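Written below as structure tokens is the structure these notes are about.
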There are 2 protein chains.
Amino acid sequence: MQKRPAPREKKRLTPRQNDTFEFIRGYMRKHRKPPTLREIGEGLGIRSGNAVSKLVEALVRKGYLEREPNAARGLRLAGAEEDPFRLDDAPPNLLIISRTNSREPERLRERPGGYLTVDPRLLPGVRHPDRCLIARAGDDGMNGDGIHKGDLLVIEEASWKDLRNGEVAACLVGEMLYARRIFFLNDRLHLRPADRHYTEETFAPEDPGCYVVGRVLSIMRRL
Amino acid sequence: MQKRPAPREKKRLTPRQNDTFEFIRGYMRKHRKPPTLREIGEGLGIRSGNAVSKLVEALVRKGYLEREPNAARGLRLAGAEEDPFRLDDAPPNLLIISRTNSREPERLRERPGGYLTVDPRLLPGVRHPDRCLIARAGDDGMNGDGIHKGDLLVIEEASWKDLRNGEVAACLVGEMLYARRIFFLNDRLHLRPADRHYTEETFAPEDPGCYVVGRVLSIMRRL
DNA sequence: GAAAGAGGTGAAAATTATTTCACATGTTCA
DNA sequence: TGAACATGTGAAATAATTTTCACCTCTTTC
């Protein structure tokens, strides 16, 4: 079932109304915003605000324009809301964290290293995309899983308590951020690399030397 | 001679400034006109017109916006007037090609497999981002370089003649799409894998069984 | 420890825009 | 030949919007 907006027969315009409509359309193409009544008046050589208002009123009545009462530049072309190019939700722009501010995890977001737009399809199951972060992998410890040093990690912030055994986590260890598979066994956190040149490390859950930022959802890499 | 729009170094934004800029962009996409300061404030939960004004001022100072003093909705995205056809500077939405339509490379774009938004920072040096493509790696032949089967490859379309030896290329071989390092030696195309379980293959440049789609710029992977 | 910057409140002032009023002059159409 | 409509002028009232002030809290930087 398609919701077809009633065809909305557009009534015929008088020459002056057509001038007005053409001016408004031209103005919007050029300035990317609607004109004020005064600007329309100037464009058409009309000195009276009222005269312009009546012309606009006629265009609204005949189905060419829509008007938001009392709003500055409150005009819009009729049917503009059906614009197929309109994106009402832009993909989130995520903050890239740098590893220089690692000592206090609460301040992770304080020194932004820029932003990166990430398609929501790379954030599966995420409820609040804007709360995700991006960081760079600090070493090659996950080479075996195709994560290399410098890769961009898309991270959903989460406590280690919320991670399941075997998930890939982003962890701040000292000054560096690493991707590792995380396991919670015998009251200790195990960070397991996927490369035989690296060794598994374990920490007490509250060890300030190891802070689990969250789960790694996706990776991105510029070749 | 390329008409490069003046570099206009955009300075780094604070998180709050980024929120503001994203809100304004989103509003403009949605409403096709700039927001008022009050509307921005409502969107960001700021009660003071002055606070909004300062944020906008910072965005103007840092080169993201332009402002027409005293005008209602007097904002515009920086550079919008130099490129009137640019709707906004939303990141490009790239077409994902599926390997089902591989027989006729000219028709690569005919059966879209969806679109993915890709940040321009993952498209280094690309002049026409919208002409890039996305495809999935068909095998594990580049495991050694951290590209796995199923990874999303961001591809800049290019003839094999435009690729330099050693670049990572996306190639359609038969029904499958592979990432490989490409070499042109002794009048033949060499597709070199980065995994010892795979062997290098060579083709005559015009062999219809091997079509080079372009260079791989970036990869993305959902874990 | 002073200075500078980011981000904020709240209120008043200045500007810009829209709306409404009274009053015109035509044209069109039943 | 009215009634209804299209097009205007000009002024005043109202509402929306931007600008400016004074002042505040943090945090970073030198």
Side-chain angles (χ1 to χ4, degrees), chain A residues 10-24 27-28 31 33-76 95 98 100-104 106-115, chain B residues 11-24 27-28 31 33-76:
Chain A
K10 286 191 179 141
K11 293 182 199 132
R12 168 153 272 143
L13 297 182
T14 68
R16 203 58 172 141
Q17 288 166 358
N18 189 57
D19 291 348
T20 310
F21 186 57
E22 286 304 314
F23 176 84
I24 294 171
Y27 184 101
M28 290 181 76
H31 296 87
K33 70 185 170 197
T36 64
L37 297 188
R38 168 188 303 267
E39 285 166 338
I40 298 171
E42 279 166 16
L44 301 176
I46 300 174
R47 263 163 304 211
S48 157
N50 183 28
V52 178
S53 189
K54 281 189 203 160
L55 282 167
V56 168
E57 207 173 74
L59 290 171
V60 172
R61 179 161 31 80
K62 293 190 177 178
Y64 289 75
L65 293 180
E66 286 162 26
R67 201 177 193 181
E68 186 183 345
N70 287 325
R73 302 181 190 274
L75 299 176
R76 102 172 69 84
L95 195 147
S98 52
T100 58
N101 46 0
S102 45
R103 303 230 173 211
E104 293 139 291
E106 311 75 30
R107 301 202 185 161
L108 226 40
R109 295 168 177 273
E110 281 187 4
R111 292 211 190 159
Y115 298 83
Chain B
K11 290 179 201 135
R12 179 157 286 171
L13 296 182
T14 66
R16 203 58 174 141
Q17 288 165 0
N18 184 61
D19 291 346
T20 309
F21 186 58
E22 287 300 314
F23 176 84
I24 293 171
Y27 185 101
M28 290 180 76
H31 296 90
K33 69 185 169 195
T36 63
L37 297 188
R38 168 187 304 265
E39 284 166 338
I40 298 170
E42 278 166 14
L44 300 177
I46 300 173
R47 260 163 308 206
S48 156
N50 183 27
V52 178
S53 190
K54 281 191 207 161
L55 283 167
V56 168
E57 206 173 76
L59 290 172
V60 171
R61 178 162 32 80
K62 293 189 177 178
Y64 289 74
L65 293 180
E66 287 162 24
R67 201 178 191 180
E68 185 183 344
N70 285 326
R73 302 182 192 276
L75 299 176
R76 97 173 72 86

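Because the structure is a prediction, the values reported are computed rather than measured. Within every chain, numbering begins at 1; the chains are lettered A, B, ... in the order of the sequence lines, protein sequences first and strands thereafter.
As rounded to whole Å, 9 Å separates atom P of C:dG7 from atom CD1 of B:Ile46. The separation between B:Arg16 atom CZ and D:dT28 atom C1' is 20 Å, rounded to whole Å. Rounded to an integer number of Å, the gap from B:Asn18 CG to C:dA6 P is 15 Å. Atoms CD (B:Gln17) and C1' (C:dG5) sit 10 Å apart, rounded to a whole Å. Atom CZ in A:Arg38 sits about 13 Å away from atom P in D:dT9, given to the nearest Å. Summarising the geometry, the separation between CZ on A:Arg73 and C1' on C:dT15 is reported as 13 Å, rounded to the nearest angstrom. In this structure, CD1 of B:Ile40 is placed 12 Å from P of D:dT17, rounded to the nearest angstrom.
The closest side-chain heavy-atom distance from A:Arg67 to A:Ser53 is below 4.5 Å.
Note on A:Thr14: a side-chain N or O is less than 4.0 Å away from OP1 or OP2 of D:dT7. Within the structure, a side-chain polar atom (N or O) of B:Arg67 is placed less than 4.0 Å from OP1 or OP2 of D:dT19. B:Arg61 has no side-chain polar atom (N or O) that falls below the 4.0 Å cut-off from OP1 or OP2 of C:dG5.
B:Ala71 comes within 4.0 angstrom of sugar-phosphate atoms only, judged by non-hydrogen atoms across all strands, and of no base. The residue B:Thr36 sits close only to the backbone: its heavy atoms come under 4.0 Å of sugar-phosphate atoms, none of a base. At a threshold of 4.0 angstrom between heavy atoms, the contacts of B:Ala72 are confined to the sugar-phosphate backbone, with no base atom among them.
A salt bridge links A:Glu68 with B:Lys33; the closest basic N to acidic carboxylate O contact falls under 4.0 Å.
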So A:Arg73 and B:Thr36, side-chain hydrogen bond (donor to acceptor under 3.5 Å, both in side chains) or not? Walk me through it. CA-CA 10 Å; A:Arg73 302 181 190 274; B:Thr36 63; over 6 Å; no

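Closest-nucleotide positions on DNA chain C for B:Asn70 and A:Asn50 were compared, and the one nearer the 5' end corresponds to B:Asn70. The 5' end of DNA chain C is approached more closely, in terms of each residue's nearest nucleotide, by A:Leu37 than by the other of A:Lys54 and A:Leu37.
Counting only distance, with no hydrogens or angles, the side chain of B:Gln17 and the backbone of B:Thr14 share a donor-acceptor pair below 3.5 Å.
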